[in-house]
Amino acid sequence: MNGEEAPIGAVVVGTGFGLFTHVRALRNAGFEVRAIIGRNRERTAERAAPLGVPLASDNLEQVLADDPAIRLVTVATPPHAHYTPVMQAIAAGRHVMCEKPFARDLTQAREMLHAANRAGIVHALGAEFRFDSAQSLLRRVVQDGLIGDPLMFSRIYQQPGTGEDEPLADWWTDAAQGGGFLGAFGTHMIDQVRSTVGEIVAVNAILRKLTTSRPTMTSDDYYNVQFRTANGCMGVIEAAMNFPGPFVMATKVAGTKGAAWIQSGSAFGDPEEVWIKDADGARQVPMPDELVNPAPEPFAVKELIQTEMDRWHTQGFDVAPYAKLFRQMKARIEGRAPPLPDPAGDFQDAAAGQAVLDASRLSAAEGRWVEVEAV
């Protein structure tokens, strides 16, 4: 290759989000997607063909044994099905990126974490919104001490409703599969809290089902989680998949010297902005060039869309943050400094987030504050 090293090979496990987002982001980050794994070989081949993925299979172990050029495995199956491909990849000595929610429970999360550490591989959690422009800048503002010690964190997100005629993925609606909006969306908020203001040590949660049009749904589509961190910050994260009325979204952090928040751009369609208010007044914080993400590009192959989540993810809003996550991983695999100082989440973060998830579910079931287990 004219003196250049061959690109690092990757295999994607999962034919939904993995196909819509992982494949595009991996390619944007300089990886070569050599295979995609699904439950049904024929169906996987049909879904992989429009993206030009050369190999479709239902056997990850065989693909890894046959192709030593594959050095990275990304896992985008439902959460209850993460364990097997993650452990197969680790056993084969491959680096792994796994989606969230990470595991069935904390016990399983610890097992994957310890196996990855023993193997000495590079591991990462699919917390791509660490590399969302506004979230990244807000984190820097707080961690650089610009508002002093954090006292209160508030994150609220309420959708007015979902496409009731569109199916949801099974794991989103089935509590037994680790689903629900807390697992699907709340894990992002949990990671934002942990990486911005500190480790969560106790929670008090409400989980509810608000939709009236999905009678077989056993999981939550609304959550409200109060929390306390190890450094004394307190806060609340709330989100609803179907809460009639206006769309609501806000993120604010108050500290001992001021406050910072994320707000919509000054004109419709503008990127989100980060603002700070302290003794000098309120002002916008300039967005560093390295945190700017390109505008989303929708996924072109509409016939592959089967669920409402597919429709969300084909909008492309998570491709650019994911490409940054994969570039961070690529640098670590190649033994060089990552391009951004902001760390990607790893399996330690994944297990810690799972501990918060488990504690929140227990809290909601028993109606009390619950301490979060240490990983």
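- Arg155 has its side chain within reach of Gln192: a pair of non-hydrogen atoms, C-beta onward, lies under 4.5 Å apart.
- Residues Phe347 and His114 are not in side-chain contact: their nearest non-hydrogen atoms beyond the backbone lie 4.5 Å or more apart.
- Around atom CZ of Arg41, more than 12 heavy atoms belonging to other residues, nucleotides or ligands sit under 6.0 Å away.
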Evaluate the side-chain contact (heavy atoms from CB on, under 4.5 Å) criterion for residues Trp369 and Phe227: first the C-alpha distance (whole Å), next the side-chain angles of each, then the deciding distance (0.1 Å), finally the verdict. CA-CA 9 Å; Trp369 278 87; Phe227 64 85; 5.5 Å; no
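- When all heavy atoms of Pro7 and Gly30 are compared, the pair lying nearest together is CB-O, 3.7 Å.
- Between the side chain of Asp144 and the backbone N or O of Leu146, no donor-acceptor pair lies under 3.5 Å.
- Across all their heavy atoms, Gly245 and Pro160 have their closest contact at O-CB, 3.0 Å.
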Would you please test Met249 and Gln159 for side-chain contact (heavy atoms from CB on, under 4.5 Å) and show each step? CA-CA 9 Å; Met249 182 170 68; Gln159 294 180 171; over 6 Å; no
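- In the hydrophobic clustering of this structure, Ile200 groups with Leu207; members are Ile, Leu, Val, Met, Phe, Trp, Tyr whose side-chain heavy atoms approach within less than 4.5 Å, directly or through other members.
- In terms of modelled atom types and a separation under 3.5 Å, the side chain of Thr218 and the main chain of Ala175 share a donor-acceptor contact.
- Within a 6.0 Å radius of CZ in Phe243, no more than 12 heavy atoms belonging to other residues, nucleotides or ligands are found.
- Between Met112 and Tyr83 there is a side-chain heavy-atom pair separated by less than 4.5 Å.
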Donor-acceptor list for residues 62-76 side chains, cut-off 3.5 Å, not counting sequence neighbours:
| unit_1 | atom_1 | unit_2 | atom_2 | d |
| --- | --- | --- | --- | --- |
| Gln62 | NE2 | Asp66 | OD1 | 2.9 |
| Gln62 | NE2 | Asp66 | OD2 | 3.1 |
| Asp67 | OD1 | Arg34 | NE | 3.4 |
| Asp67 | OD1 | Ala69 | N | 3.0 |
| Asp67 | OD2 | Arg34 | NE | 2.6 |
| Asp67 | OD2 | Arg34 | NH2 | 3.2 |
| Thr74 | OG1 | His22 | ND1 | 3.0 |

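- Heavy-atom minimum distance, Val96 versus Ala89: CG2-CB, 3.6 Å.
- Hydrophobic clustering keeps Leu340 apart from Val319 (ILVMFWY residues linked when any side-chain heavy atoms are closer than 4.5 Å, directly or through intermediates).
- Phe31 is not connected to Ile37 by any chain of hydrophobic side-chain contacts under 4.5 Å among Ile, Leu, Val, Met, Phe, Trp and Tyr, and they are in different clusters.
- Here the side chain of Arg361 pairs no donor or acceptor atom with the backbone of Ala359 at under 3.5 angstrom.
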Between Asp342 and Arg139, is the salt bridge (charged side-chain N to carboxylate O under 4.0 Å, His left out) condition met? List the steps. CA-CA 9 Å; Asp342 316 88; Arg139 181 179 302 112; 5.3 Å; no
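- A side-chain N or O of Glu238 and one of Tyr222 form a donor-acceptor pair less than 3.5 Å apart.
- Here Thr212 contributes atom OG1 and Met217 contributes atom CE; the two are 11.5 Å apart, rounded to the nearest 0.5 Å.
- In this structure, the side chain of Asp191 does not engage the main chain of His188 through any donor-acceptor pair within 3.5 Å.
- A donor-acceptor pair shorter than 3.5 Å cannot be found between the side chains of Gln135 and Arg130.
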Starting from the C-alpha separation in whole Å, work towards a yes-or-no answer on side-chain hydrogen bond (donor to acceptor under 3.5 Å, both in side chains) for Asn117 and His123. CA-CA 9 Å; Asn117 284 340; His123 46 84; 3.0 Å; yes
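- Two residues are said to be in side-chain contact when any heavy atoms from C-beta on lie closer than 4.5 Å; Glu373 and Asp358 fail this criterion.
- The line from OG1 of Thr187 to CZ of Phe129 is 10.5 Å long, rounded to the nearest 0.5 Å.
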Stepwise salt bridge (charged side-chain N to carboxylate O under 4.0 Å, His left out) check, Asp149 with Lys257: CA-CA 7 Å; Asp149 297 328; Lys257 296 180 180 179; over 6 Å; no
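- Without hydrogens or angle criteria, Asn231 side chain to Val197 main chain gives a donor-acceptor distance under 3.5 Å.
- Under the 30°/60° scheme for interplanar angles, the aromatic rings of Tyr223 and Phe181 are found to be tilted.
- Clustering ILVMFWY residues whenever any of their side-chain heavy atoms sit less than 4.5 angstrom apart, transitively, puts Leu113 in a cluster other than the one holding Val122.
- Val23 approaches Val33 most closely through the heavy-atom pair O-CG2, 4.0 Å.
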Should Tyr322 and Arg24 be marked as a side-chain contact (heavy atoms from CB on, under 4.5 Å) after you check the CA-CA gap, both sets of side-chain angles, and the distance that decides it? CA-CA 9 Å; Tyr322 239 122; Arg24 288 199 286 169; over 6 Å; no
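- Between the side chain of Arg47 and the backbone N or O of Thr15 there is at least one donor-acceptor pair closer than 3.5 Å.
- A 4.5 Å side-chain heavy-atom check between Val285 and Met287 finds every atom pair outside the cut-off.
- Follow the hydrophobic side-chain contacts under 4.5 Å out from Phe102 and you reach Val13 in the same cluster.
- Using a distance-only test at 3.5 Å, with no hydrogens or angles considered, no donor-acceptor pair links the side chain of His95 to the main chain of Lys330.
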Worked check of side-chain contact (heavy atoms from CB on, under 4.5 Å) between Phe326 and Met97: CA-CA 9 Å; Phe326 284 136; Met97 197 293 300; 4.0 Å; yes
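- Judged by distance alone, the side chain of Lys100 and the main-chain N or O of Gln354 form no donor-acceptor pair under 3.5 Å.
- The number of heavy atoms from other shown groups lying within 6.0 Å of CD (Gln143) is above 12.
- Environment of CD in Glu366: crowded, with over 12 heavy atoms of neighbouring residues, nucleotides or ligands closer than 6.0 Å.
- Within the 4.5 Å cutoff, no side-chain heavy atoms of Ile36 are placed close to those of Leu55.
- Between the side chains of Ser363 and Arg368, no donor-acceptor pair of N or O atoms lies under 3.5 Å.
- Note that OG1 of Thr196 and CG of Leu138 are 6.0 Å apart. Values are rounded to the nearest 0.5 Å.
- Within 6.0 Å of atom CD in Glu334, more than 12 heavy atoms from other residues, nucleotides or ligands are found, so the atom counts as buried in its surroundings.
- Look at Arg283 and Asp278 and you find a salt bridge, because one of the NZ, NE, NH1 or NH2 atoms lies within 4.0 Å of a carboxylate O, short of that distance.
- Ion pair Arg39/Asp58 not flagged as a salt bridge, since none of the NZ, NE, NH1 or NH2 atoms sits closer than 4.0 Å to an Asp/Glu carboxylate oxygen.
- Between Glu273 and Ser264, the shortest heavy-atom distance links the atoms OE1-O, 3.9 Å.
- Although no hydrogens or angles enter the test, the distance criterion places no donor-acceptor pair under 3.5 Å between the side chain of Lys252 and the main chain of Phe153.
- Side-chain atoms of Asn242 do not come within 3.5 Å of backbone N or O of Leu210 as any donor-acceptor pair.
- Heavy atoms from other residues, nucleotides or ligands lying under 6.0 Å from CZ of Arg332 number 12 at most.
- Using a 4.5 Å heavy-atom cutoff, the side chains of His82 and Cys98 are in contact.
- The two atoms that bring Leu137 and Pro288 nearest to each other are CD1-CD, 3.9 Å, heavy atoms only.
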Quick one: do Ser57 and Asn59 satisfy side-chain hydrogen bond (donor to acceptor under 3.5 Å, both in side chains)? Show the steps, please. CA-CA 6 Å; Ser57 175; Asn59 190 327; 5.8 Å; no
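- Using a 4.5 Å cut-off on side-chain heavy atoms (C-beta onward), Glu32 and Arg27 make no contact.
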